[in-house]
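Presented below is the structure to which this report refers.
Throughout, protein chains are lettered first and strands after them, A, B, ... in sequence-line order, and every chain is numbered starting at 1.
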Protein chains: 2
Amino acid sequence: MEKPRLSESQEDYLKEIFKLREMNETVSMQDLARKLDVRPPSVTGMIKKLCAMNLVEHEPYKGVQLTETGEKIALEVLRHHRLLELYLARHLNYSWDEIHEEAERLEHVISEKFEAAIADLMDHPTHDPHGDPIPTADLEIPDSPSLAPLPSLKGTRSIVIGRVMTQDRDILSLLFRLELTPGQEIELIKNEAAGIRVRINGSQYLVPHSIARLIWCENTET
Amino acid sequence: MEKPRLSESQEDYLKEIFKLREMNETVSMQDLARKLDVRPPSVTGMIKKLCAMNLVEHEPYKGVQLTETGEKIALEVLRHHRLLELYLARHLNYSWDEIHEEAERLEHVISEKFEAAIADLMDHPTHDPHGDPIPTADLEIPDSPSLAPLPSLKGTRSIVIGRVMTQDRDILSLLFRLELTPGQEIELIKNEAAGIRVRINGSQYLVPHSIARLIWCENTET
DNA sequence: ATTGAATTTTAGGCATGACTAATATAACAC
DNA sequence: GTGTTATATTAGTCATGCCTAAAATTCAAT
C-alpha cells in the first residue's frame, strides 16, 4: 500500500484517531471534532477523504478506525512529535511545558533526515519527557512498563512515576515544580477525600484527584 | 505598524522580494513568478493582498518594493532561514547541499523561542554556511566584508572566499568537494578562456566561468 | 412502540492560493 | 507614429479545509 503525501490537517486527523483509539474502544466523530478543535461536519468531510485514500475505515454512526497504512502514518507523526519534544527539552533548553506546542508545528515539517539526526544524537530514546513511548524507526511501539493511574494505587509504599497524561501547560508546569515527573520516585502516604497525600524528596504534598488521575505509575504490586 | 500573522506563502513572497531587491534595482512580477515557481497572475493577486496589508508597494508595470513593515518580516524569515542552515550543518551533521531545503520548510514554523535558542547555542553568528549575512535579533544586517565575484579579480594573488551565491545542490556539493567554501583561502593563478585557474591547498583547478561567477571573494586590493 | 436527545450527515458557503485563457499596457524597433 | 513583443492584469476555475443551518439517524427512556 502506497504512502501518499498528506496535508498537515490530514496528519493531525490520523494522529488523533490513533491517540483516541489507545484510550477508547471506539472513536466517534464528535471525539475527533473536540480534539481537533473543529466542527463535526468538517470531520465527516475529512474522514470521507481519508476513507477514499484507504487510510481509515468508517462505519457510519459507528466509529472510525485506522487501516494499516493509516496507522503507519500516524505512528510516523507521533514519532516525530515525541522525538522533537525530547530534543527540544534536552538540546534547546525548553521547559517541560513549552515542548508540546513547538513539536506540534515541527512534526509535520521535518524530513526523515532530521528525524534520524536527532534520534541518533539522543541514542534512540524510547520515551519522551512525558513518559509517552516513542515509536521506533520501523514504527513499532516500544515496550513500556505497565502503568496505572495514581488514584488506583492502594497502600503505603514507594512507586515510580511512569507517564503524565496531559499536555496542558499550566498543569505541566505545576507538576514540574512539584517534581512529579517521569522517573521520579514518590512515597504514597494516604488516600484522602480531597486527594492523595504523597512524599517527594522529603516534602509532603496533597495531590488533588483531578491531577492525580493524570499521573500514571509503575504498577509494582505489593 | 502592526505585524499581522502571515501565511507561509506570503512570507515567501516577502523574502523573495527582499532577495531580488538586493540584486536588481527593481523587482518585476515575472522575476517573482520565476523565483517562487508560480504563474504571473498568481503573483499579481498575491501582491494585491500584500499591498492591502501595507507590506509592499506596487507601481503597476513598474515594480514592487517592501514597506518598512514588510522588510522587517522578510528579515525575520531570512534570519530564521540562515540560522537554521548553520544549525543544521553544525549540530545535526547536515552536509552543505542539504541545509537549504530543510531550512526552507522550517523557517516558517519555528517560534521566537526556537530562534533564540539556536542563536544562543551558536553564539549569535553573523554569517551562514554560504557566507550570507544573518540578520541580527533586532533585524539589522550585519556588516560584511566587501566582496567581488571571482571572475572580476585580476592578478596573481591570494584571496579569501566570502560567499557562494547559489542554493543548487549539485553545484554546492561540487564546490564542497573542491573546498571552494567561505573562509577558504585560494590562490589566483590565471584567467583563461575556459575559466579561472586557482590553487587550493596545493591542488590546482580550472574553475569554469559559469561557476566562478557564483564565488564572491574578499576584495583586497593589490 | 414512541418520543426526545444526542450524534452524524447533507447541503451550501467562504477564504486561500494556486491555475488557464484572454485582455491590456508598456517598451522598443523601425 | 506604428507595430511587435514583453510584461502585467483581469476574469473565471479549481481544490482544500473550514464553517453554519438543516435534515437524518441512532439510542435510550418511558
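- With sequence neighbours left out, B/Ser7 forms a side-chain contact (heavy atoms from CB on, under 4.5 Å) with B/Ser9, B/Gln10.
- The environment of CD in B/Glu22 is crowded: more than 12 heavy-atom neighbours from other residues, nucleotides or ligands sit within 6.0 Å.
- With rounding to the nearest 0.5 Å, the separation of CG in A/Leu36 from CD1 in A/Ile17 is 8.0 Å.
- Checked by atom type and distance alone, the side chain of A/Arg197 never pairs as donor or acceptor with a backbone atom of A/Leu206 at under 3.5 Å.
- Judged by distance alone, with hydrogens and angles left aside, the side-chain atoms of B/Glu102 form a donor-acceptor pair with the main-chain N or O of A/Ser111 at under 3.5 Å.
- Of all the residues in residues 32-52 of chain A, A/Pro40, A/Pro41, A/Thr44, A/Lys48 reach under 4.0 Å from DNA chain C with at least one non-hydrogen atom.
- Boundaries of the chain A contact region on DNA chain C are C/dT7 to C/dT10, first to last in 5' to 3' order (nucleotide atom under 4.0 Å from a heavy atom).
- Residue pairs meeting the salt bridge (Lys or Arg N to Asp or Glu O under 4.0 Å) criterion with at least one partner in residues 107-117 of chain A, sequence neighbours excluded, are A/Lys15-A/Glu107, A/Arg79-A/Glu115, A/Lys113-B/Glu98.
- Residue pairs that meet the ring-ring contact (aromatic ring centres under 6.0 Å, His included) test with at least one member in residues 40-65 of chain B, sequence neighbours left out, do not exist here.
- Under 3.5 Å, the side chains of B/Ser95 and B/Asp97 contain a donor-acceptor pair of N or O atoms.
- With sequence neighbours excluded, no residue forms a ring-ring contact (aromatic ring centres under 6.0 Å, His included) with B/His127.
- In D/dA6 the O4'-C1'-N dihedral to the base is within 90° of 0, which defines a syn nucleotide.
- With a 6.0 Å radius and a threshold of 12 heavy atoms from other residues, nucleotides or ligands, B/Tyr205 has its OH atom above the threshold.
- A heavy atom lying under 4.0 Å from DNA chain C marks none of the residues of residues 6-20 of chain A.
- Judged as a ring-ring contact (aromatic ring centres under 6.0 Å, His included), the pairs with a partner in residues 89-112 of chain A (not counting sequence neighbours) are, in order, A/His81-A/His100, A/Tyr87-A/His91, A/Trp96-A/His130.
- Side-chain N/O atoms of B/Asp168 and B/Thr166 include no donor and acceptor closer than 3.5 Å.
- Comparing B/Glu59 and A/Pro60, the nucleotide of DNA chain D nearest to each residue sits closer to the 5' end for B/Glu59.
- Around the CG atom of A/Asp138, the shell of radius 6.0 Å holds more than 12 heavy atoms that belong to other residues, nucleotides or ligands.
- Protein chain B contacts DNA chain D over a range whose 5' and 3' limits, counting nucleotides with an atom under 4.0 angstrom from a non-hydrogen atom, are D/dT7 to D/dT10.
- Taken together, the paired segments of DNA chain D that extend over three or more consecutive Watson-Crick or G-U pairs, each closer than 3.5 Å at both contacts, are C:1-24 with D:7-30, C:26-30 with D:1-5.
- Applying the salt bridge (Lys or Arg N to Asp or Glu O under 4.0 Å) test to residues at least two apart or on different chains, the pairs with a partner in residues 27-40 of chain B are B/Asp31-B/Arg34.
- Partners of B/Glu85 by salt bridge (Lys or Arg N to Asp or Glu O under 4.0 Å), not counting sequence neighbours: none found.
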